Structures are given as structure tokens and as C-alpha cells.
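Since the structure comes first, as C-alpha cells, the remarks are kept for the end.
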Amino acid sequence: HAADVAAQAADAGTPQMVRSSTVEVGASYVSQDSFKAGEYTGMEKKGLTVDANIGLHGGDADSATRWNVMGTDLGLETRNLQVDGGEQGRFRVNFGYDEILRNRSDSYQTPLIGTGTNTLTLPATWIAPTLPRVSAATINARGLSSTVTGAMGMVTTPAVVGPPAVAAHVDATAPTTAQLATAAALQAADLPAFHNVDLYTKRKAYNGGVSFDIDPRWQVAVSAKHEDKDGMKPMGTVTRANAEVSTIIPDLIDQRTDQFNASLGYKDDKSFMKLAYYGSLFKNNVNSMKWSDYSVNGGTTQLQISSAPSNEFHKLGLTGGYDFSPVTKLVASGSYARNTQNEQFVTDPTDFFVPVTSLNGLVVTKAIDLKLTSRPIHDLSLVAGYKYNDRDNRTPVNIYGFTDAQNPIAGTSAAPNASFATAINAMYPNLAPVSFAGNTSGNFNLNANRPYSKKVNAFNLDADYKVAQGETVAAGFDWDKTDNYCNGSWIACADAAKTDEKTWKAEWRANIHEDINARIAYEYSKRTVDYNEDAFLAIVPMANVVPTGVAGVTQSAYQYLVAQGLTGYGPVAGFSGAALTGPAGYYMASNNALANAAYANANRISELIGMRRYNMADRNRDKLRSSINWQANEKLALQGGFSYNQDDYANSTYGLRNAKDFTLNLEADYAASETLSLSAFVTHEDKKSRNAGNSYTANSTAANVNGFTAISGGCYATIAARNAANKIDPCLDWTMNTHDQVDTLGLTFQKSGLMADKLSLAGDVSLSRAKTDIGGNGGNYVNNPLAVAGAAAGTVAAYFVSAQDLPTVTTNIIDLRLNGKYTLDKQQSVHVGYAYQYMKAVDWAYDAMQVGGLAGGLPTNEQAPAYKVHTVAVSYLYTFK
Amino acid sequence: ANAPLPDLAGGKMARAVDTDKVCTICHDANYTKPIFPIYQSRHGVTADSRTPRCQSCHGDSTKHQGDPTQHPDIVFGVKSGHNKNAVDAKTQADACLTCHKSGLRTHWSGSQHERRDVPCAACHTVHAAKDPVLVRTSQPEVCFSCHKEQRAQEHRISHHPIKEGKVVCSDCHNPHGSTGPKLMAKDTVNETCYTCHAEKRGPFLWEHAPVADNCTNCHTPHGSTNTPLLKTRAPWLCQDCHSGDHAAALNSGANLQNGNVNTVNGVNPLANSAAKIQMTGRACMNCHVLVHGSNHPAGSKFQR
């Protein structure tokens, strides 16, 4: 016995120098198929899966040689294997393999054939859907639904601005036999073509590297990573080739990314330096997606959308640090990077002017970072920093001519197209002259690209002062100045050429008792900008061309705006009364926004005067952070935290007006004994934002709807009065409020020492309950579908429809996990586990994805995520030296 | 002249372990806190002459050797009722930075964690065969012990696979300090995001201004109730910046299929209408899908 005690004592004093190895093999049974439950875990299929984890370690205790082989989830599509080894202090080599699965949808359906390729077609039997009860000629995807066709036939017109889009009402009469036969025929032809396509992406990454310690001061390291990303994701597409319709297609993903790192490092007692290179080469093997237009019988019209272009990024950086003294240190770094992209353009017949075949894109980024830290006196710490980051986009600016959404080129040449052609021919003397003879002013675009550049200069000064033992006050000031610009643009392109943001910070933190520490911090930021409502003109260079052949017009659109003291958004005024003539009548007839034809753009791209894009708008920001931690006794620890953020865009009449949120955290950790620990937390987040707009349309002299003139509600009694003030009608102002509330609860326990210390148990459960409420104020006018020819005299022509709250969107998630480990002996143990996953999402956005939901969009029948998945698992773990 | 290479001669291990016996004679394998696993870590590769002995980090601790009731010179960890003798964070950091000054710690001095007195041992467990914060599957829990908002966000319907261990905090952040905002691993938010999302890097023929500016203008990275990781839902997110053409329209419950449309005189003539495509389904992205940029000559409106 004495010998045993002595042996145990000797054993207890002799450490194990090399890690033990483990091999774990097991199996799991999943009770239900669920893409969402297995979104990232590879456990999306019902049934049995076999899995394995390994941790193999070796080396010579008497030398610095070590090696490791680590593998997790080797039996799943999320497997990871990492191998490393070397002689510590001399060199190290590592390589690995990793898979990341992302399940997107297993309820997506499409009639398109050829999924998994970049060319998608419709069956030859495909009949373009219509709602025959309303119109046998107008494309309407609601016609795919027998319910809509039979009892709910109301045509919609997506072009109508304002809710809901309505045209003629036809419920008053039953569908004719011929209409029902037409509907039945197209449904019989089309609905069977819809089939499920699982949409998911898969990343497979291979990495490797080696590092050498040339000597204790110098180290060189190189590494590389190659990643393949494959699969499909849902992607919206639109066309006006025949009718304006949207199709959600399965977008093919076939991409490669190679990343390289190389560095040379030096360090001594007082300084360090690192010269580093980083390269990232992205290659997309899909240059475009083609799909058949569902608004054409047999889908015989093929359409196209471009895919992300291949690109390269190369960066060289140098970082160095020097300790002037034990309390004063300087760290400086600088980098130079080049990001290039020159993929061959994808073009279509409706792209009638493409001056170059590829972008020759180049972004040069230069960065400097300086940080000086010092402790001039023992209790005072100072940090002074300067950052410079210049994203200089040197991509050439060119003008491109096209029609929207492959809208067929139509019409005949008319002023001002001839003058636009003259301007283009002068800009591109080396290209064949263009005439735009086939284009009307209304359906074509001459747009110039805007290569956005951004130059940031940021300064900061922070001080921390220990006012007493365990008590610190801190203060700081940040100043960020940013210049935004586009090289080569004919006019300033940035919504704000300069933004200037100053931030003042204050913080107090202390151990207010040896068992209690607390922190409260507040920041106030004020951002001011020079907002420019003419910036959008950079995309329409024809706004700088004086049109020819237009009576009385001798100025370009921009010259006219400047002369009138207006921005490109036009005047804030109602109908002018007498029709405007000359430049006013040409550029802004009836006091409306700048006419599209005047600058060669097919859609109005102006904004509301007073709209500010929030990332470049004047902003006041408040941030509050606080926390308290209390070690109540040796067993119980309590933590609490509260944070509050508020962004106020007081000078933004339209767009995002304000956003605020607060988060409350509470946590308790209880160590009941050496073998039992419990933990619980709850987090509540409340987030609100408000934006504003105005659903204006153009001033006009129109005085009736199908001969009816009265308006019910709103700010005007008649159609004539309303139309004369469409641009200034206060009833068209709206605000919408979004309110997210999320509660998250977590409970965990760990219990060991059961069954003679052979059994240990662990469990955790998390519950997340999220709800989003969206509602607002304001409204707009909607024509009365009953105001049709033959209706009774005095029938209301249009109603003012007030904003309605949206149904609450909710997501409830439960994730329960129980694990048990039974130790057979020093080398063997058995693990058992049970998991319960629950999700129920209620979201109105999915309603429109069903057959009959949308007039202008092909249904996908996608379903909101919902699952109840039980998983049981058992594994055997073997440990050895 | 360069310093001599580490002495990797045989027998170093035994001598090093003997050197530690002044501590391990009491703090042995049976000690209440695990001490010996450090010998299986990189700190414990004793043949590498750079690796520390107990007293390299904890100090000579002469008083503690003579009287176990006296604490060692340098006690690591977060000072609390459980760990009353922990020295201040700077003293702890100095002990670690003696060897770990360069590399990922380049920007430690003056960083957010350094200024808030977060000691290395708050995150790192040195007396372990493998430090949990260096293991991808266990790292998030270490960070979430303080960053509780991010822990909650990970449980939302749209999230990066952090709790699944496929993306971890240190993929995007360098907790020891960096040249970027929010301890980003790269100089900017966008450069960090493009590490995994290089297809969004461009440069595109048609750039979307807020994308080139900052990914977080629209996205919140840890988790969101709005897929895919959006700050708010479309179309209202888009209408935060766009107010012209059909973006001028009010989008409310009246625009849903069979939307509950009430007019001032109570009639409801608009029932059975279709939902508005700009608002529901994928909203604006039903058509304007290439919001990260388009490289098609006709893609200025992000439709091609």
C-alpha cells in the first residue's frame, strides 16, 4: 500500500508532455427532413447519419517536434480536417480542408428546365398566363390560379403608383364558359411544369501554409487557401421584352477564390516589423444566366442577366512598432492595394451603344495608420491615432446606351435624340457614328458609370485616468473627415462630397466593491454633410447637352436648372396654370420633375426634394453602454447590461428620419457545487426606425376617371383639383414605422460525479421569439373600380386610401440539447445526445410567392420556415497516448 | 548579429520540468485547478528554449514559496470575489507581451480591450492542452461571455454560422487590436467581408453607392430577423434612400393580397386585388436584384 501511495505521488508529479489522442465515432438519427433546421449543419435529411471526430497528436517529449491531426464532423457535409506539425522554434507546416453548407430552400418550385446550368427554358407546351375573365391578352400570372380566375378576377396593373394596383372590376358578372375554358387550358398546360428544386450552396476550402523561424528575431511565413463555391440560389429577374414580369430563377453558383498570404516578420526587445502581402483572386465560371420569358407561349424568348465578374485584389503592407520607453509606444502601418476587374461584358441586342468590351476597372487603395500610446504618469494613459484610407476608383467613365429590362427598341428618332447622337459621336470619334434612329426618347437610356471613390482622414485622442484604485474615468474625441468623389464624372457624383463627423466620448468604470464592478459609457456624434441634390445627374450625361431641334431651348438641362436656381428634382409646385412654354415647358412641363426625355433616361430617377440618403445625411448619434457584474457569493454571479442607440436625421425630410434601439441583458451563473453548475440568460432587444416619403405623381390637367370627377377623402374634392396639385398634395405624405422586438432566453446546466463519477450530464436550451410590426400614416388615391362606363351618375371616381398596418411577422425558435457522457474506463467513454429543434415563422411576404399571389411575378410556392426536428445521437470515444 | 538559435539539445525537458518542481511539488496533477495540461500545449514544449517556466509568468513568488497563504507575485485572470489576488490587467499583459508582442498583438496597445483592462487570461486559458478560444467550435462562447447582444443575435432566423462553428469571431475580428473599425481583421468593413464574399468586391461597371461605402449600411452581420442579415425589411430599407418613380409609393398593408382597404365612407371596393410586387415576396429585389453592383452595360438599375 505504501508503495502504491508513493507511486501515485510520483505519478502526480510527472506531467504528460504530449497530448493524448482521441477517436470518436457515432451515429445520429434525424426525425424529419428540414433544410432550415440543417441550414449549416448538414443534418437536413431524415434518417441515420454516421459521423466521426478525431484528435491525433504526437511528437517527442525530448524534442520540439509535434504534430496534430484534428477532424470534426468527418461524416457530414460540414466536415473539417486540419493537420499541422513541425519543430517548434524552427518551422511549422499546416494544411486543411473545410466544407460549409448553406441550405437556402427546399420548397422552391419553378417550371424552368435546365436547373443546375446557366440556360433555363420553359416547356414547349407553356402557355403565357392571363386572367381571361379580365383580359385574354394581358399577361397575368394570377391566371395560374383557378380560384382567382373563377371568383376573384380583378386585373392588376403594376405600373400604377400607389396601393393597391387596380384597373377594371369584373366581379359583377360571372366568368363566361370561354373564359373558364381558356383559364383551364393554361392551368392544365403550365401547372404540371412546376417542380421542386433544392437551392443550396456549398463551399469547399483547401488551405496550407508554412512558417520558418530564421532565428528568434526573424520569421517568414506563407499560406494559401483555395475555395470552391457551388450550388444554386434564388434570384429575381425582370423583363419587358413582351410584358413587364418578374421570374425568380435558380441562379447557378460556380465560383473559385484563391487567397495568398506571405510575410516577413522581425522583432526584438523594443521593436517589431512585418512586411506582408495578401492576394485574393476571384473567378466566376458563370458569366450570365439565361432564362425563358414566361410571358411568351412556349417560352421562346430567351433573356439574360449578368453574373458577378471575376476580379483580383493585391495588397502590400508594412507594419512597424517601436517602444520609445516602457510607457511610450508607436505603431505605424501602411498599405497599397490594387483591385482590378476586366471581365468581358455580357451584351444584348437592346444594348444599342456599348463603347468598350470590358470595364478595365481599377481601384487603388492606400492606407496609413498611426497610433501613439503613452502613460506620462502612472495613472494616466493616452492614445493618439490617425487613419488615412483612400479608395481611389480609377475605373474609366463611359456612356452606355440601352433600353430597360430588354424592352424592345421602338419608335422613330425625334428630338432630342439627334442632339444626343451628335454629342456621343463627338465623345467617341474613334467609333462608328450612331444616330439612335430606332429609338424614341421615351424608352432608351444613355447612362454614364459612376466609379465611387472615398478618401477618409480620421483622428482620435483618448485618455484613461485611474482616479482611484479600481476606478477609471475615460474621455475621447474622434474626428472623421471623408471626401467622396468620382474620377472622370462630368459633375459631382456623390450625394455628399464631404462628410465631417465629430464624436465625443466619456466613460466611467469601477470596482465599486470587491465583488461588484460597473461600467457606463456615453458617446455623442454629430455628422454634417454638404448634400448635393444634383449628384444623380452624373449618371445622365445628356443633361449637359444642349438639345437641337427643340423650339426655344438654348440651354442644356443642367444649365437650365442652374439658371432657375433649381435642383434636378424640379420645382415644388402644382400645375402652372397656363401651359409652360420654351425651356420651362420642355424641361419641366406643368412644374413636374425634369423630363426623362431631356436627359435620355427611360425612368424618372429624380428624388423628392429633401430626401437624404442616410449614409451621407446630417446625423446626430447617441450611444449609451452600461453593465454591472456582481459576484454575489462564491457560488452565484449576476450580470446585467443595457445599451441604447439613437440616430436622428433631423435634416432629412424624406428617407430615413430616425432609428433607435435598446438592448437589455441579464445573466446568472450558479455553481451549486463542484459537480453542478447552472446558467441562465435573457436578452431583450427593441428596435425602431421611421422613414418618410410622398407618393406623388405628375401634375396634370386630367379632370375625370371614365367621366366621373368626385374624390372621396383626401385633400381635394375633385379629380381636377387633385391632379393640378399632384406634386404638392400634403395628403400624399407618408411615414412608415418598423418595430422589431426580440426576446432570447438561454438555460444551461452541467452535472458531473454521477454513478461513482462515471456519468456526467450537460444540457442547454435557447428560445428566441421575434416579432416585427410595420405600420404608418398617410395614404394615397385609388381609382374606384366601380367608376366604369355605365355606372350611376355621381359615382365616386377615386378614394383616398389610408395606410394600413401590416400583419405582424413572427419567428419562434427553440433549440434544446441534452448530452450525457458515461466513462467506461480511463480510455473509453460513451456519449449520448438528444436535440429538439423547433421553428415557426409567420411572414406575409411568402403569400405573394404562391400561385395567384402576384400578377407580374411567376410563383415559386416557397414556404416560410417551419420545423420540429428530433435528433438522437450516440458515440463512442477512445482516448490513447 | 542575430541571437543564437534555441537550444534544442536532448534532456532539456527533464531539466525544465525539474525547474518547475518548485511549483509543481504542490500544484501537481491532483491540484484542484488543472496545471499540468500546459505541458501539452505550445507553452509546454520545453525543448524550445523560448517557452516559459512557471516563474517566467508568475514571478519568483518567493513569499508564496515560503508561505502558501501568500499569493504568487503575478496572479492571472479577471479580478473578482473568486480571484481577489489577480494583478491589474496591464501587469498581466506585460507578462504575456514579453514574448507575444508582435503578430496578432501588433495593435494591442491602445486597443479597445487593452483600454478597458481586459486581461489576456479573460479569454485565454493557458493551463490547457488546447486553449478553448483557439478552437473554432468553442471560441464563440468565450467571446459571448461578454458580448451578449451578439450571442442573442446568433439565435435569429438569419445569422452567420457562428454557433455552428463554421464562421468564428476571429474570422472577422482581431480582439487584440487592428487598423480597422470594430476590431475588424482588415483595414475596413468591406475588405473584411470580401475575404469570404469576393464576388461582391467588383469593381463593377455600375456600383451601388452604399455598397462601395460600407456593407453595414444595409446589413447587420451577427444575426437578423430580416433575411439576409438586413437591418430592416425591403422595400422600406430601400425607401430609406429612394423616393422617386415607384419608390415614391406608400407601401402598407393595403398592398397585400386582399389587403384590408378601408376608405373614408367604409366601402371596400378593392378586395381581391393582387399583392403589389414592389412590396412583397422579395420586394424591390424581385426585379432590382443586383444591388451589390452590375457589370452589364444595361445594368445601371441593377436589373441586368
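Each chain gets a letter, A, B and so on, in the order its sequence line appears, and its residues count up from 1. This one's a predicted model, so the numbers in the text were calculated from it and none came from an experiment.
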Between [X] and [Y], do the side chains contain an N or O donor and an N or O acceptor separated by less than 3.5 Å?
X: A:Asn447; Y: B:Ser300; result: yes
X: A:Gln341; Y: B:Asn295; result: yes
X: A:Gln259; Y: B:Thr195; result: no
X: B:Arg136; Y: A:Thr72; result: no

- [ ] Determine the option with the most heavy-atom pairs under 4.5 angstrom with chain A, choosing from B:Asn217, B:Thr232, B:Asp88.
- [x]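 Max contact count across the listed options: B:Asn217.
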TODO: Quick one: which of B:Thr137, B:Asn286, B:Leu290 has the most heavy-atom pairs under 4.5 Å with chain A, could you say?
DONE: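 Winner by heavy-atom pair count: B:Asn286.
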Under 4.5 Å from any heavy atom of chain A - which part of [X]:
X: B:Thr225; result: side chain
X: B:Lys148; result: both
X: B:Cys284; result: neither
X: B:Thr216; result: neither
X: B:Thr98; result: neither
X: B:Tyr31; result: neither
X: B:Trp206; result: side chain
X: B:Asp20; result: neither
X: B:Lys21; result: side chain
X: B:Ser224; result: neither
X: B:Arg151; result: side chain

Ignoring hydrogens and geometry, is there a side-chain-to-backbone donor-acceptor pair from [X] to [Y] under 3.5 Å?
X: B:Lys301; Y: A:Asp404; answer: no
X: A:Tyr400; Y: B:His296; answer: no
X: B:Lys101; Y: A:Phe272; answer: no
X: A:Glu607; Y: B:Ser243; answer: yes
X: A:Asn694; Y: B:Ala248; answer: no
X: A:Asn311; Y: B:Ala198; answer: yes
X: A:Lys454; Y: B:Asp213; answer: yes
X: A:Glu514; Y: B:Lys84; answer: no
X: B:Ser252; Y: A:Ala803; answer: no

Atom [atom1] of [X] and atom [atom2] of [Y]: how far apart are they, to the nearest 0.5 Å?
X: A:Trp844; Y: B:Met279; atom1: CH2; atom2: CE; value: 4.5 Å
X: A:Lys329; Y: B:Ser109; atom1: NZ; atom2: OG; value: 5.0 Å
X: A:Thr41; Y: B:Glu164; atom1: OG1; atom2: CD; value: 7.5 Å

Should the pair [X]-[Y] be classified as a salt bridge under the 4.0 Å nitrogen-to-oxygen rule?
X: A:Glu39; Y: B:Lys166; value: no
X: A:Arg90; Y: B:Asp48; value: no
X: A:Asp464; Y: B:Arg116; value: no
X: B:Glu207; Y: A:Arg391; value: yes

Task: pair B:Lys163-A:Ser766: side-chain heavy atoms closer than 4.5 Å - done: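 Not touching, per the 4.5 Å side-chain cut-off.
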Open item on the list: Among A:Asp369, A:Val331, A:Thr319, exactly one meets side chain to side chain contact (heavy atoms under 4.5 Å, CB included) together with B:Thr179. Which residue is that?
Closed with: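 The residue from A:Asp369, A:Val331, A:Thr319 that satisfies side chain to side chain contact (heavy atoms under 4.5 Å, CB included) with B:Thr179 turns out to be A:Asp369.
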TODO: Locate the shortest heavy-atom distance separating B:Arg304 from A:Thr403; write the atom from each residue and the value.
DONE: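 Minimum heavy-atom separation between B:Arg304 and A:Thr403: NH1-O, 3.6 Å.
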Task: Closest heavy-atom pair and its distance - B:Gly244, A:Tyr696 - done: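 Between these two residues, the closest heavy atoms are CA-OH, 3.9 Å.
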Open item on the list: For the interface with chain B, which of A:Glu634, A:Met849, A:Met839 has the highest count of heavy-atom pairs at distances below 4.5 Å?
Closed with: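 Going by pairs under 4.5 Å, I would pick A:Glu634.
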Task: Test ring-ring contact (aromatic ring centres under 6.0 Å, His included) applied to A:Tyr40 and B:His159, step by step - done: CA-CA 10 Å; A:Tyr40 293 115; B:His159 64 274; 5.6 Å; yes
